[in-house]
Number of protein chains: 2
Amino acid sequence: MQVTICPERAIMEHVTSKWGVLVLQALFDGASWRFSDLRRELEVVSEKMLTQTLRTLERDGFVHREVHPVIPPHVEYTLTPLGKGAADHLVALFSWIAANQPEVTQAQERYDGS
Amino acid sequence: MQVTICPERAIMEHVTSKWGVLVLQALFDGASWRFSDLRRELEVVSEKMLTQTLRTLERDGFVHREVHPVIPPHVEYTLTPLGKGAADHLVALFSWIAANQPEVTQAQERYDGS
DNA sequence: CAGTATCCTTACAGATACTG
DNA sequence: CAGTATCTGTAAGGATACTG
């Protein structure tokens with residue numbers, strides 16, 4: 001995804017990307033997910049973006065993709081230990097945001113009113 | 001910035017946006033910054049994007065904008081206590097990524113090679 | 001079911017010029 | 001110095017149709 005000044009920034013962008021954040025979160029508290037379930041969970045994500053996001057996170061070693069060779073196809077996505085580490089931080093951040101959301105909303109109203 | 005399913009997601013997107021991450025980080029370990037210095041620090045950010053990012057973070061109550069009415073203009077940006085809280089998490093995440101970057105890079109090479 | 005492959009759109013981002 | 005205002009291009013993202 002776009003410019004890569006340094007490897008760290010690139011990884012940061014994968015992890016904090018719009019859908020990356022949500023995928024890691026879902027995998028964090030859901031253990032194992034199928035493609036379609038994940039899609040429903042995230043709401044309004046297109047197939048293309050979900051696939052792209054999962055591939056990027058799989059490539060980074062954050063997500064494990066388990067294919068069961070049956071018909072119809074059955075694929076399970078889980079966090080790797082590495083992905084768990086990243087997700088930990090993301091979930092902590094999101095919890096903080098949820099806890100402080102009222103304060104932020106107030107700040108916004110103050111800003112818009114002045 | 002774009003679709004807002006819920007307030008939390010919107011705030012998350014501000015904080016984890018490409019330039020939001022970098023601005024919060026810089027403010028975190030630099031105390032106070034002038035516009036131009038910040039621009040130099042982040043490298044290759046356009047004036048427009050830096051302004052836009054700072055405004056969004058200011059509106060959210062994360063960043064304080066101090067204008068000194070002199071000529072030429074002098075403006076200082078600092079983190080608010082609220083912004084400090086968000087930046088804490090971001091910095092923790094980035095440290096984790098820096099520490100685990102080698103492992104991620106290895107995973108990428110494995111993925112690309114197979 | 002779990003994806004690819006296409007096409008299409010817009011909004012994000014950058015460049016440039018100008019101003020208080 | 002610290003921005004705004006405008007213009008413009010690109011690529012991120014979405015909708016749809018199709019496939020193993």
Side-chain angles (χ1 to χ4, degrees), chain A residues 1-5 9-23 26-27 30 32-60 63-78 111-112 114, chain B residues 1-5 9-23 26-27 30 32-59 63-78 111 114:
Chain A
M1 304 169 180
Q2 75 207 1
V3 195
T4 50
I5 309 282
R9 272 204 200 180
I11 299 167
M12 189 74 169
E13 281 173 18
H14 299 171
V15 171
T16 62
S17 71
K18 177 172 183 178
W19 300 117
V21 169
L22 298 171
V23 165
L27 292 178
S32 181
W33 291 84
R34 302 186 63 171
F35 187 86
S36 304
D37 296 335
L38 208 41
R39 226 195 133 193
R40 255 183 300 278
E41 175 73 9
L42 301 200
E43 279 168 42
V44 303
V45 61
S46 64
E47 296 181 351
K48 181 183 158 187
M49 292 317 299
L50 183 53
T51 302
Q52 199 174 105
T53 303
L54 285 168
R55 289 290 169 279
T56 301
L57 294 176
E58 187 194 355
R59 177 169 179 269
D60 287 350
V63 164
H64 175 67
R65 180 167 178 268
E66 181 88 26
V67 183
H68 301 102
V70 294
I71 293 179
H74 186 137
V75 179
E76 296 275 346
Y77 292 96
T78 51
Y111 185 94
D112 294 340
S114 64
Chain B
M1 305 168 180
Q2 74 205 7
V3 194
T4 50
I5 308 282
R9 271 204 200 181
I11 300 167
M12 189 73 170
E13 281 174 17
H14 299 171
V15 171
T16 62
S17 71
K18 175 172 183 176
W19 300 117
V21 168
L22 298 170
V23 165
L27 293 178
S32 180
W33 291 84
R34 302 187 63 170
F35 187 84
S36 304
D37 296 334
L38 208 42
R39 228 197 130 193
R40 255 184 298 280
E41 174 73 9
L42 301 201
E43 281 167 39
V44 304
V45 62
S46 65
E47 294 181 353
K48 181 185 158 187
M49 292 317 298
L50 183 54
T51 301
Q52 200 174 103
T53 303
L54 285 168
R55 288 292 168 280
T56 301
L57 294 176
E58 186 193 357
R59 178 168 179 270
V63 163
H64 175 67
R65 180 167 177 270
E66 181 88 26
V67 182
H68 301 102
V70 295
I71 293 178
H74 187 138
V75 180
E76 297 273 347
Y77 292 95
T78 51
Y111 186 92
S114 65

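Just the heavy atoms: all of them, side chains too, but no hydrogens, waters or symmetry mates, feed the values below. Every chain is numbered from 1, with letters handed out A, B, ... down the list of sequences. From a predicted model like this one, the values you see are computed outputs, not experimental measurements.
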Option among A/Arg39, A/Arg40, A/Arg34 that satisfies the salt bridge (charged side-chain N to carboxylate O under 4.0 Å, His left out) test with A/Asp37: A/Arg40
Taking [atom1] from [X] and [atom2] from [N], how many angstroms apart are they, rounded to a whole number?
| X | N | atom1 | atom2 | result |
| --- | --- | --- | --- | --- |
| B/Leu50 | C/dG14 | CG | P | 11 Å |
| B/Arg40 | D/dA2 | CZ | C1' | 12 Å |
| A/Met49 | D/dA11 | CE | P | 15 Å |
| B/Glu66 | D/dG3 | CD | P | 13 Å |
| B/Lys18 | C/dA13 | NZ | C1' | 9 Å |

Heavy-atom pair with the smallest gap, counting every atom of A/Leu22 and A/Leu42: O-CD2, 3.8 Å
Residue pair A/Arg55 / B/Tyr111: nearest heavy atoms and the distance that separates them: CD-OH, 3.5 Å
Residue-phosphate contact under 4.0 Å: [X] side-chain N/O, [N] OP1/OP2:
| X | N | value |
| --- | --- | --- |
| A/Trp19 | D/dG14 | yes |
| B/Ser36 | D/dC1 | no |
| B/Arg55 | D/dA2 | no |
| A/Tyr77 | C/dG3 | yes |

Sequence-distant partners of B/Ser36, side-chain hydrogen bond (donor to acceptor under 3.5 Å, both in side chains), two or more places apart: none
Involving DNA chain D, stems made of at least three consecutive Watson-Crick or G-U pairs, both distances under 3.5 Å: C:1-20 with D:1-20
Donor-acceptor contact present, side-chain A/Trp33 to main-chain A/Ala26, <3.5 Å: yes
Whether A/Tyr77 and A/Phe35 hold their rings parallel, tilted or perpendicular, with breakpoints at 30° and 60°: tilted
Annotated protein contacts, base or backbone, on nucleotides 15-20 of chain C with a non-hydrogen cut-off under 4.0 Å, one of B, S, - each: B-B--B
Student check: side-chain heavy atoms of A/Leu38 and A/Leu54 closer than 4.5 Å: yes
Side chain proximity check, B/Val23 to B/Leu50, heavy atoms < 4.5 angstrom: yes
From D/dA2, C/dG3, C/dC1, nucleotide with atom closest to B/Arg34 side chain: D/dA2
Criterion side chain to side chain donor-acceptor pair (under 3.5 Å) on A/His68 and A/Glu66, from CA distance to verdict: CA-CA 7 Å; A/His68 301 102; A/Glu66 181 88 26; 4.7 Å; no
